[in-house]
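Everything numeric in this text was worked out from a predicted model, so none of it was measured. Here is how names work: the chains are called A, B, and so on, in the same order as the sequence lines, proteins then strands, and each is numbered from 1.
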2 protein chains.
Amino acid sequence: MLKLSKKAEYALMAAKFMAMKNSSGYSTAKEISESCMIPYQLVAKVLQNMVKSNLAISAKGTNGGFSLAKNPIDISVMDIIKSVESNYKLVDCLQPKSSLEDCSHLDCCKIRDPLIEIQRKIDKVFSETSLVQIL
Amino acid sequence: MLKLSKKAEYALMAAKFMAMKNSSGYSTAKEISESCMIPYQLVAKVLQNMVKSNLAISAKGTNGGFSLAKNPIDISVMDIIKSVESNYKLVDCLQPKSSLEDCSHLDCCKIRDPLIEIQRKIDKVFSETSLVQIL
DNA sequence: TTTGAATCAGACCAAAATAGTCCTATTACA
DNA sequence: TGTAATAGGACTATTTTGGTCTGATTCAAA
C-alpha cells in the first residue's frame, strides 16, 4: 500500500538517466534497460508514455532514441508519475471522474473530505519536487 | 498505485466511529460493520490490529467491544495506518529491514536517496494529521 | 452452570492489480 | 534494401488485496 508502481520507479530512473546524459543526443531504450537493469519491454513502454505526456521526445530509426523534452528543472516528479499512472489517488472516490455516489459506503463514509486534504498535501510533495532534486 | 488499502480505510472509519461515540462504552465489531457497511470479518480484524497497536482496548464476552485507548487528539492518521499496514513505503528498499543490497537494481539505481526525502515528507503529512481532523 | 454474545486467531480462497512477455508494425538512416 | 530503432496491442504470470470460513476463547447474564 502507498507504494510506487514499478512503472513509476522505472520512469524516474529513465528520466534521471536522460537528464544525466549531459551531452545532447538520444538515449535508446536498450541503453537505459541495460544500464538500469530494467526489462527492455517495460522501459520502452514507460518511455513511450513519457513521449505521449510531452516529457520526452523520440526519434525512430537508426540512431534514434529518447531525450527529455524540457529542462529537468521544469519537470516535476508528479509529471513523471502522471505520465505512467492514471490512478494515483489515495482512494477511488477521489479520482477525477468519481463522485460521492461512487462511494460504496454512501453517506456512512465520513472520511472523504479529510482525505481530500491529505491527498492535496501529498500531491504538493510530488509537484514541488523537481527532477533536478533526483539527480 | 499510492492507494490506501481497504484495511487502512476501514481502520480510519472505525476509529472515527469510536471517537464519535462520545458517551463512553464499547462499540462492537458488528455495530461498526453495519453502520459503516464494512464486512464484519474485516472490520473485526482491523479492530484487533488496533488493539495490538495499543490504539484501542477490547472487552470480550457479552457487552464487550472496542473503544479507543487514547484521546483522539493523541492518535495520528499514521498510527492508524501503521496499526494495519506494515508495508507503507514508496519502494521496498525503504522498508526498515531493507538495505541497499536488497535493491534489485544495485548501484545502477540512483533514485533511492531522493525517495527517502520524499518518503519523509509523506510520513510527515500522515503523522501530523490527528484523528480529530477526521471527525 | 449453561447459554449466548462477543473477541481472538489462523488458514484459506477469489478477484483484481501489477509486472512482465510476445509479436508485429512502422519509421528512418546508412 | 537491410537494420536499428520506436510504437503498440494482446497476452500471460505473479503478487497483492479483499474477503470468507472455521473454530477457539472469554465473560456476563439468565
Item to check | Whole-Å gap separating P (C:dA28) and CD1 (A:Ile57) | outcome: 14 Å
Checklist entry - Rounding to a whole Å, what distance do you find between B:Met18:CE and C:dT7:C1'? => result 13 Å
Next on the checklist: Among C:dG20, C:dC23, D:dT3, which nucleotide has an atom closest to any side-chain atom of A:Gln41?
Outcome noted: C:dC23
Next on the checklist: Looking only at the side chains, is there a donor atom on one of A:Ser76 and A:Glu128 sitting less than 3.5 Å from an acceptor on the other?
Outcome noted: no
Item to check | Residue pair A:Ala69 / A:Ile57: nearest heavy atoms and the distance that separates them | outcome: CB-CG2, 3.9 Å
Checklist entry - Does NZ in B:Lys82 sit with more than 12 non-hydrogen atoms of other residues, nucleotides or ligands closer than 6.0 Å? => result no
Item to check | Whole angstrom value for the distance that separates C1' of C:dA5 from OH of B:Tyr26 | outcome: 15 Å
Item to check | Nearest-nucleotide 5' precedence on DNA chain C, B:Thr62 against B:Gly65 | outcome: B:Thr62
Checklist entry - Rounded to the nearest 0.5 Å, how far apart are CG of B:Asn87 and CG of A:Leu2? => result 11.0 Å
Checklist outcome for this item: Taking D:dA29, D:dT26, C:dA30 as options, the one with an atom nearest any side-chain atom of B:Lys60 is D:dT26
Checklist entry - In whole angstrom, what separates A:Leu42's CG from D:dT6's P? => result 15 Å
Item to check | Strand contacts (DNA chain D) in residues 79-88 of chain B, 4.0 angstrom heavy-atom criterion | outcome: none
Item to check | Nucleotide C:dA19, atom P - distance to CE of B:Met1 in whole Å | outcome: 9 Å
Item to check | Contacts of type side-chain hydrogen bond (donor to acceptor under 3.5 Å, both in side chains), residue A:Asn49, not counting sequence neighbours | outcome: none
Checklist entry - Can a side chain N or O of B:Ser58 be found less than 4.0 Å away from OP1 or OP2 on C:dC8? => result yes
Checklist entry - Going hydrophobic residue to hydrophobic residue with side-chain gaps under 4.5 angstrom, can you get from A:Met78 over to B:Ile118? => result yes
Item to check | Rounded distance in Å - CZ (A:Phe66) to C1' (D:dG8) | outcome: 12 Å
Checklist entry - Of all the nucleotides listed (C:dT18, D:dT6, C:dC8), which has the minimum atom distance to the side chain of B:Val51? => result C:dC8
Next on the checklist: Applying a 4.0 Å non-hydrogen cut-off, can you work out what A:Lys52 is touching in the nucleic acid: base, sugar-phosphate, or nothing?
Outcome noted: sugar-phosphate
Next on the checklist: It should be established whether A:Asn63 places a side-chain nitrogen or oxygen under 4.0 Å from OP1 or OP2 of nucleotide D:dA4.
Outcome noted: no
Next on the checklist: If I compare all heavy atoms of B:Lys7 with all of B:Val46, which pair ends up nearest, and what's the gap?
Outcome noted: O-CG2, 3.9 Å
Next on the checklist: Please report the distance, rounded to the nearest Å, between NZ in B:Lys45 and P in C:dC8.
Outcome noted: 12 Å
Next on the checklist: Under 4.0 Å, heavy atoms only, any strand: does B:Ala29 hit a base, just the sugar-phosphate, or nothing?
Outcome noted: sugar-phosphate
Checklist entry - Contact class for B:Ala59 (heavy atom, under 4.0 Å): base, sugar-phosphate, or nothing? => result sugar-phosphate
Next on the checklist: Under 4.0 Å, heavy atoms only, any strand: does B:Lys30 hit a base, just the sugar-phosphate, or nothing?
Outcome noted: nothing
Checklist outcome for this item: In whole angstroms, the gap separating P of D:dG18 from CD of B:Glu9 amounts to 8 Å
